[in-house]
Protein chains: 2
Amino acid sequence: MFQIDALSRTPVYEQIVEQCEQFLLKGVFTVGDKLPSVRQLSVELAINPNTIQKAYLELDRRGLVTSVPGRGVFISEGAIMKVSEDRRENLGKIAELTKELKLAGVKEEEIIDSVRTAYKED
Amino acid sequence: MFQIDALSRTPVYEQIVEQCEQFLLKGVFTVGDKLPSVRQLSVELAINPNTIQKAYLELDRRGLVTSVPGRGVFISEGAIMKVSEDRRENLGKIAELTKELKLAGVKEEEIIDSVRTAYKED
DNA sequence: TCATCTGTACTATATCGCATAGTACACCTA
DNA sequence: TAGGTGTACTATGCGATATAGTACAGATGA
C-alpha cells in the first residue's frame, strides 16, 4: 500500500502524509476506514514507529484522521472534502509556474495543451 | 537587488540561486554582466560569505556563471537559454498539479482560466 | 481474567543540511 | 603596493529528521 522512497529528499513522515491524502482523493480510503496501526506499518515499511506516529499526528492535526487510543486511527468525517479544498492551492501554484514559463518564452497554448493532456489521462 | 526571506524554509543559498535565474529570465542580468562580489553581497544581505559562495558555486555548476579569480563572477554565454530550457520542466509540474486538481473535483476549464489569467498578468 | 493489540509519551542518540566564524592563499587591477 | 577578487580550508552551532528503547493506559477478544 504505502511506498517509501528512501532516496527522496522529502522526509519519510511527509511521504506518508502525502500518500494518505492521495488515497483519500482516489477513494482508496473512505470515511471511517482504519489506517494500519503504528507498529504494523513500521514493520511493513521497515521504519521506526516514531516516524509513523509523527505522520499520523500530522494527519490528525490537519483534521483528516481521528486517533482512538486502544482502537486505532480512523479517517475523519469530511476528510475527503478537506483534502479537496486544500488541493485547490494547486491553482495558485499553476499560476506561478505559468508566469515563469511565459518568461522562458513558452507560448500560452503549449501550456494549455499540457493541462488538457494531463486532464484526459488516467 | 537580492532579497532574502529569513523565515522561508528554502535555504538562503537556494534563494539566491533562484533569484539569479529570475533576473536572467527578466533581463536584469545579461551575458557578461558581473555579479556582486562574494564579500559585498554578504555585507549587503547580512549573510555569511560562505553562503554566498555556495550559491555562486551552484550557479557555476549549472553553467550559468563563470568565476574568474581576482576579477569576479560573470554571466556565462548561453546562460539565458539554459535557464529557459530548464524552466520547461514547469510544464511537467503543471501536468502533475492538473491531475491532482482533477482528483479534487476541479473542472478543466477552471484550471485553464487560471493559466490564461496568469499569462496575461505583468 | 488475561494476553495482546492499540495509541501515546517520554528520553537519549546519531546523522545530515544549513549557516556562521575565522583564517589563509593566490590572482587581478588601479 | 594596497585593496578587492575568488577559493579553500577547519571548526562550531543549530534544527530537522530518524532511530532506539522504555513505559503507560485504553480497548479487544479468547
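Reminder, nothing fancy here: chain letters follow the sequence lines and each chain counts from 1.
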Closest nucleotide among C:dA21, D:dT19, C:dA19 to the B:P11 side chain: C:dA19

Under-4.0 Å side-chain N/O to phosphate OP1/OP2 contact, A:S67 with C:dT8: yes

Under 4.0 Å between a side-chain N/O of B:T51 and OP1 or OP2 of C:dT20, yes or no? yes

Kindly check if the number of other-residue, nucleotide or ligand heavy atoms within 6.0 Å of CD (B:E121) is above 12? yes

Can you confirm whether the side chains of B:Q22 and A:E100 place a donor and an acceptor under 3.5 Å from each other? yes

Between B:E44 (CD) and D:dG4 (P), how many Å, whole number? 16 Å

With the side chain defined as heavy atoms from C-beta on, B:I47 is closest, among D:dG6, C:dT20, D:dT19, to C:dT20

Which nucleotide in the list D:dT7, C:dT6, C:dC28 gets nearest to the side chain of B:R71? C:dC28

Taken to the nearest whole Å, CG/B:L45 to P/C:dT20 is 10 Å

Atom-pair distance (CD1 on B:I52; C1' on D:dA8), nearest Å: 17 Å

A:E58 CD - C:dT8 P separation (whole Å): 14 Å

I need the CG-P distance between B:N50 and D:dA11, as an integer number of Å. 15 Å

Can you tell me how far the CE atom of B:M1 sits from the CD atom of B:Q19, to the nearest 0.5 Å? 10.0 Å

Please tell me which of the listed nucleotides, C:dT20, D:dA20, D:dA8, lies nearest to the side chain of A:N48? D:dA20

If you compare every side-chain N and O of A:K54 against the phosphate oxygens of D:dT17 (OP1, OP2), does one of them come in below 4.0 Å? yes

Nearest of C:dG7, D:dG6, D:dA18 to any side-chain atom of A:V12? D:dA18

Output the distance between atom CD (A:Q53) and atom CG (A:D60), rounded to the nearest 0.5 Å. 10.5 Å

Step by step, work out the side-chain contact (heavy atoms from CB on, under 4.5 Å) result for A:C20 and A:L64. CA-CA 9 Å; A:C20 234; A:L64 304 181; over 6 Å; no

Distance test, side-chain N/O of A:S37 to OP1/OP2 of C:dT6, below 4.0 Å: yes

Need one value for A:L57: base, sugar-phosphate or nothing, where a base atom within 4.0 Å counts as base even if backbone is also close, heavy atoms only. nothing

May I have the distance from A:Q53 (atom CD) to D:dC24 (atom P), rounded to whole angstrom? 17 Å

Using the side chain to side chain contact (heavy atoms under 4.5 Å, CB included) definition, which of the options B:F23, B:Y56, B:F74, B:F2 pairs with B:L35? B:Y56

Under 4.0 Å between a side-chain N/O of B:Y13 and OP1 or OP2 of C:dC18, yes or no? yes

Rounded to whole angstroms, how far apart are CZ on A:R9 and C1' on C:dT15? 18 Å

A:P69 vs A:P49, nearer the 5' end of DNA chain D by closest nucleotide: A:P49

Return the value, rounded to whole Å, for the distance between atom CG of B:L41 and atom P of D:dG4. 16 Å

On the nucleotide C:dG7, are OP1 or OP2 found under 4.0 Å from the side-chain N or O atoms that A:Y56 carries? no

Which nucleotide wins on minimum distance to the side chain of A:R39, given the candidates D:dC24, C:dT20, C:dA9? D:dC24

